[in-house]
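Reading through the structure tokens given below for one structure.
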Number of protein chains: 4
Amino acid sequence: MEAVLDAVIRIVQREGIGAVTTNRAAEVAGVSIGSVYQYFPDKQAIFIALHRRHIDQVDRIIQTTLVEHAAAPLDDLMRAMIDAMIEAHSSDPELYPLLATKVPHRANGTSDFAVRLHGAFRLALASRTHELKQASDLDRLAFVVANLVDSLSHAALFRRPSRLSLGEAKAEVLKAVLAYVHC
Amino acid sequence: MEAVLDAVIRIVQREGIGAVTTNRAAEVAGVSIGSVYQYFPDKQAIFIALHRRHIDQVDRIIQTTLVEHAAAPLDDLMRAMIDAMIEAHSSDPELYPLLATKVPHRANGTSDFAVRLHGAFRLALASRTHELKQASDLDRLAFVVANLVDSLSHAALFRRPSRLSLGEAKAEVLKAVLAYVHC
Amino acid sequence: MEAVLDAVIRIVQREGIGAVTTNRAAEVAGVSIGSVYQYFPDKQAIFIALHRRHIDQVDRIIQTTLVEHAAAPLDDLMRAMIDAMIEAHSSDPELYPLLATKVPHRANGTSDFAVRLHGAFRLALASRTHELKQASDLDRLAFVVANLVDSLSHAALFRRPSRLSLGEAKAEVLKAVLAYVHC
Amino acid sequence: MEAVLDAVIRIVQREGIGAVTTNRAAEVAGVSIGSVYQYFPDKQAIFIALHRRHIDQVDRIIQTTLVEHAAAPLDDLMRAMIDAMIEAHSSDPELYPLLATKVPHRANGTSDFAVRLHGAFRLALASRTHELKQASDLDRLAFVVANLVDSLSHAALFRRPSRLSLGEAKAEVLKAVLAYVHC
DNA sequence: CATGAATGAGTGTTCATTCAT
DNA sequence: AATGAATGAACACTCATTCAT
């Protein structure tokens with residue numbers, strides 16, 4: 001039930017993580033607690049579903065970006081990917097603390113994202129081997145690039161010092177990624 | 001009370017995060033629940049103290065590494081910093097899920113770490129400007145490097161694909177960091 | 001939940017004030033502790049509800065007596081009021097220590113009783129001004145009479161020396177009240 | 001230990017009844033909790049001691065008034081007794097909620113006060129039989145008078161409606177008492 | 001005697017979950 | 001399918017009391 005997932009997000013935004021209880025979520029979603037348990041076996045399942053939904057959204061954006069820049073040079077693609085990543089994480093920023101707090105780290109679908117991201121970058125890099133100085137393992141390259149993009153996007157969005165604009169931070173992330181793939 | 005903090009870690013290792021209750025922590029620490037509350041105002045305070053202790057430990061390692069490689073070339077220092085970071089995070093790996101789950105994200109001392117790491121790297125880079133091709137803002141550089149080292153160390157330790165050895169992952173992290181600072 | 005209030009009274013009677021815990025009250029009431037908290041926000045609220053219920057009962061008796069003796073001479077009314085008061089306090093005598101111990105003195109509805117009693121007596125006296133020698137303020141008269149009746153009824157019931165029968169005590173209370181209103 | 005009793009009163013005044021714990025009392029009294037338990041077997045004993053001290057103070061005032069007005073006419077004595085009673089209760093008014101809340105109603109010394117007051121008034125009335133119209137039992141008379149004075153003094157002090165000044169209330173109490181003894 | 005750190009039984013309260021309607 | 005009253009296990013926390021120093 002999408003309504004429940006949205007309710008959880010709304011509760012976090014308005015009342016904080018501590019206010020997220022199954023009963024409150026049902027109430028805000030406008031359904032009965034009984035109905036919530038018709039669709040989710042337990043509380044965890046709600047957060048896992050939320051997680052999966054979020055990952056799917058991000059994944060969709062990634063895929064779209066990949067397709068749209070299929071013919072673009074590596075630099076442009078990377079810039080687009082970073083933009084996409086930051087864009088994807090900009091909506092519902094409160095999701096991060098929530099999921100970090102509530103989703104068990106080996107939960108269903110959690111690691112999927114790393115795999116999917118890794119896969120996406122492997123694909124992207126595979127078709128551009130001529131632009132890479134590194135002759136090294138594509139897997140290794142994709143692993144680093146995926147983590148670079150993911151982690152630095154997060155950092156740019158959430159941990160960037162106040163003196164740095166988001167645009168500047170993005171440029172720096174791109175610089176780091178390109179420096180790596182070109183070295 | 002150090003005993004309580006150690007007890008919490010032991011409980012997480014042996015019984016999982018869910019088993020961490022104040023009463024259990026007291027029991028495992030070998031003190032009464034009353035004594036726990038003599039030293040910690042509430043449960044959160046225990047986790048915050050645990051967090052702070054961890055941060056202090058890592059910080060100490062960082063500082064030591066910095067001092068020991070004061071005269072070393074940038075490449076060596078970076079390699080040492082990455083080693084130190086991974087080393088620091090290798091002990092008590094279960095601390096991460098725990099703190100992520102239990103420590104409120106703006107809690108006392110939490111963001112200190114980012115600041116301290118940033119400071120450490122700024123210092124390290126400041127004395128090696130001649131090795132940097134980038135004439136850009138030192139702050140900006142330090143921000144990216146700090147996040148690169150922190151995030152990629154984590155990734156190397158916890159998210160590295162099974163085909164990649166830790167040594168290889170470390171080498172790759174170093175490559176990424178150096179590529180950035182030298183570009 | 002009436003059952004909970006009754007349970008509290010039963011516990012006090014059988015096990016003493018010290019045995020009144022929320023869990024015990026739920027148990028004796030035959031409901032779960034969760035249900036208690038569905039109807040009462042906290043423990044205090046139970047005692048306040050008990051207080052209010054008691055006050056309402058007494059008030060109802062007072063009102064009935066007032067109506068039933070609307071046409072009676074002052075002496076008869078006062079005798080009836082004293083009887084009613086003592087009657088009202090005779091049931092559940094253990095309520096007094098309980099409420100005195102557990103209800104905060106300015107709690108919701110607590111002071112209402114004094115006001116209601118005062119009002120009742122003011123009404124009763126207002127329609128009998130021809131029987132009063134005192135030309136004084138009706139408010140003042142009602143205040144004293146209300147407190148006389150209330151306090152002396154209590155005294156007659158709970159503090160009367162063993163040599164005095166309840167009937168004799170009542171007669172004495174009446175004598176005191178009438179002496180005052182007639183002086 | 002007087003210091004402990006004073007500490008309890010100070011805590012009630014400044015922090016409310018809820019803040020009265022043995023540890024806090026020891027702290028405010030400037031002694032260790034261990035010392036408190038050297039002089040009081042348990043927490044109740046502190047309140048009982050406080051009660052007894054209060055009763056003794058009031059009793060002393062009553063006795064003094066009695067002696068000072070040994071030769072005075074009944075009216076004057078009664079006025080003095082009422083004044084004394086109100087005077088006695090004016091200091092430390094927060095004692096009442098405290099003692100009502102914390103002292104078990106049949107505790108040592110509690111009922112003593114009723115007895116002493118009763119005795120005092122019996123003595124006072126015994127030497128003034130010529131002023132009494134009532135030929136009735138002196139015991140009965142003293143019982144009523146003692147309760148009249150006690151209850152109405154309280155009412156005058158703590159429950160008097162705002163329109164009534166303390167002086168007026170006192171006058172009314174006196175009127176009620178005299179009306180009774182003279183009827 | 002005095003201290004105060006340590007104790008731990010006991011309490012109020014929460015909230016995920018169930019199930020009769 | 002939907003409801004939501006009822007459940008009760010589990011938890012954080014308090015505070016009167018003890019006793020080794």
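So that the names make sense, note that chain A is the first sequence line, chain B the second, and so on, each numbered from 1.
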Checking the side chain of D/Ser35 only, and the main-chain atoms of D/Val31 only, is there a donor and an acceptor separated by less than 3.5 Å?
no
Interatomic distance, D/His51 atom NE2 to D/Leu95 atom CG [nearest 0.5 angstrom]:
8.0 Å
Base-contact (B) and sugar-phosphate-only (S) positions in nucleotides 13-21 of chain E, heavy-atom cut-off under 4.0 Å, - elsewhere:
BBSBBB---
Minimum heavy-atom separation for B/Ala3 to B/Ala29, with atom names?
O-CB, 3.6 Å
Is any side-chain N or O of D/Ser32 closer than 4.0 Å to OP1 or OP2 of E/dG4?
no
To the nearest angstrom, how far is C/Met1 atom CE from F/dA5 atom P?
11 Å
Heavy atoms only: give me the nearest A/Ala49-A/Phe40 pair and the separation to one decimal.
CB-CE2, 3.7 Å
Range-with-range stems for DNA chain F, at least three Watson-Crick or G-U pairs under 3.5 Å:
E:2-21 with F:2-21
Measure across A/Ile46 and A/Val36 and return the closest heavy-atom pair with its distance rounded to 0.1 Å.
CD1-CG1, 3.9 Å
Between A/Phe40 (CZ) and F/dA2 (P), how many Å, whole number?
13 Å
Can you check the C/Ile17 CD1 to E/dT11 P distance for me, whole Å?
15 Å
For B/Val36, which contact category applies under a 4.0 Å heavy-atom criterion: base, sugar-phosphate, or nothing?
nothing
Taking salt bridge (Lys or Arg N to Asp or Glu O under 4.0 Å) as the test, write out the residues that go with C/Asp59, two or more places apart.
C/Arg116
Could you tell me whether B/Glu15 and B/Arg10 make a salt bridge, using a distance below 4.0 angstrom between a side-chain N and a carboxylate O?
no
Do C/Tyr96 and C/His89 make a side-chain contact, defined as non-hydrogen atoms from C-beta onward lying under 4.5 Å apart?
yes
Rounded distance (Å) that lies between atom C1' of F/dC15 and atom CZ of D/Phe47:
12 Å
Tell me whether C/Arg53 is salt-bridged to C/Asp6, with the criterion being a basic N under 4.0 Å from an acidic carboxylate O.
yes
Verify the contact: side-chain N or O of C/Tyr39 to OP1 or OP2 of F/dA5, cut-off strictly under 4.0 Å; return yes or no.
no
Counting just side-chain N and O atoms, does D/Gln38 come under 4.0 Å of either OP1 or OP2 of E/dA2?
yes
